[in-house]
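Below, all heavy atoms of this structure are taken into account, side chains as well, without hydrogens, waters or symmetry copies. Residue numbers begin at 1 in each chain, while the letters A, B, ... track the order of the sequences.
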Amino acid sequence: NAGVTQTPKFQVLKTGQSMTLQCAQDMNHEYMSWYRQDPGMGLRLIHYSVGAGITDQGEVPNGYNVSRSTTEDFPLRLLSAAPSQTSVYFCASSTRRNQPQHFGDGTRLSIL
Amino acid sequence: AQSVSQHNHHVILSEAASLELGCNYSYGGTVNLFWYVQYPGQHLQLLLKYFSGDPLVKGIKGFEAEFIKSKFSFNLRKPSVQWSDTAEYFCAVNGRDTGRRALTFGSGTRLQVQP
């Protein structure tokens with residue numbers, strides 16, 4: 001039982017490049033979400049999903065896309081990377097919205 | 001909208017000192033409350049949660065938190081900290097009638113315990 005798996009762990013991009021951060025969970029959780037963590041700002045919700053085929057925006061969705069074609073996977077896409085997107089990204093899942101969330105190990109992303 | 005304030009950004013304690021980290025939330029309805037801990041280089045882990053019932057909640061590793069509804073607070077406490085408690089602590093709130101959104105986190109408190 002791996003829990004929530006995020007890949008890659010580290011990534012450096014140039015401004016304007018695109019990439020996809022992968023997130024997979026093997027707990028059959030319906031609820032999945034993406035956060036970014038920046039110093040002094042805690043975790044801010046980017047996008048979330050209440051089940052396969054259903055996604056919605058969080059607090060800071062601009063510049064990011066998500067899709068949820070299966071229960072297990074919830075990739076986060078950066079369309080055109082900007083230095084302001086340098087951050088640590090965490091994926092999380094839970095059985096329902098108001099239940100404790102299980103977090104992945106994070107992806108540290110640097111945009112040059 | 002819901003929001004969370006953690007007023008202590010950086011706390012330094014000696015081992016065996018008592019700990020209290022403040023957390024205040026802003027939300028008019030019923031809430032679920034959480035404390036998460038992030039050890040250096042690791043992901044967030046759940047310390048404790050409050051959904052309903054006894055407002056004094058006990059979590060792992062000797063931590064506890066008290067929900068005071070009248071003060072919109074959910075402060076985290078530990079009677080005697082250890083060096084291994086060095087970590088960042090996040091308070092989070094989830095309003096039960098906020099639609100489909102998930103947790104709102106505070107900005108975090110970095111705890112440094114000196115041996």
Side-chain angles (χ1 to χ4, degrees), chain A residues 2-7 9-10 21 23 25 27 29-61 66 68 74 87-108, chain B residues 1-10 21-27 29-52 57 59-60 65 74 87-110:
Chain A
V4 179
T5 302
Q6 289 184 238
T7 56
K9 294 192 184 305
F10 303 94
L21 308 186
C23 175
Q25 52 91 8
M27 298 173 283
H29 285 170
E30 290 297 320
Y31 199 99
M32 296 186 75
S33 51
W34 276 102
Y35 295 87
R36 59 177 290 175
Q37 183 180 25
D38 301 292
M41 302 187 74
L43 279 79
R44 292 179 292 168
L45 182 65
I46 305 171
H47 286 285
Y48 64 97
S49 168
V50 299
I54 307 170
T55 64
D56 208 343
Q57 296 181 349
E59 301 172 60
V60 288
V66 291
R68 185 95 180 269
F74 191 44
S87 186
V88 181
Y89 291 85
F90 286 98
C91 179
S93 73
S94 59
T95 53
R96 291 200 305 271
R97 174 182 72 88
N98 60 356
Q99 294 299 313
Q101 297 199 31
H102 299 257
F103 284 84
D105 289 337
T107 295
R108 186 174 295 273
Chain B
Q2 58 193 28
S3 64
V4 180
S5 295
Q6 292 182 244
H7 304 294
N8 314 105
H9 298 296
H10 190 192
L21 301 182
C23 172
N24 287 92
Y25 68 92
S26 172
Y27 182 72
T30 306
V31 293
N32 297 325
L33 296 158
F34 306 83
W35 275 98
Y36 284 84
V37 61
Q38 185 179 30
Y39 297 104
Q42 297 187 24
H43 61 265
L44 277 76
Q45 303 171 42
L46 181 69
L47 263 183
L48 48 79
K49 63 183 187 289
Y50 172 80
F51 282 11
S52 64
V57 179
I60 61 172
F74 190 54
E88 192 155 14
Y89 294 81
F90 294 93
C91 182
V93 64
N94 177 270
R96 295 192 195 171
D97 52 355
T98 52
R100 300 188 290 183
R101 291 199 173 199
L103 299 175
T104 296
F105 284 85
S107 57
T109 297
R110 180 168 296 180

Student: For B/His9, what residues pass the side-chain hydrogen bond (donor to acceptor under 3.5 Å, both in side chains) criterion, not counting sequence neighbours?
Tutor: none
Student: Given a strict heavy-atom distance threshold of 4.5 Å, which part of B/Gln38 is in contact with chain A: side chain, backbone, both, or neither?
Tutor: side chain
Student: Give me the atom names and distance for the closest heavy-atom approach of A/Ser93 to A/Met27.
Tutor: OG-CE, 3.4 Å
Student: A/Gln37 versus chain B, heavy atoms under 4.5 Å apart: side chain, backbone, both or neither?
Tutor: side chain
Student: With sequence neighbours excluded, give me every salt bridge (Lys or Arg N to Asp or Glu O under 4.0 Å) pair touching residues 43-52 of chain A.
Tutor: A/Asp38-A/Arg44
Student: Check whether B/Leu46 gets within reach of chain A through its side chain, its backbone, both or neither, counting any heavy atom under 4.5 Å.
Tutor: side chain
Student: Considering non-hydrogen atoms only, spot the tightest contact between A/Val60 and A/Ile46 and give its length.
Tutor: O-CG2, 3.6 Å
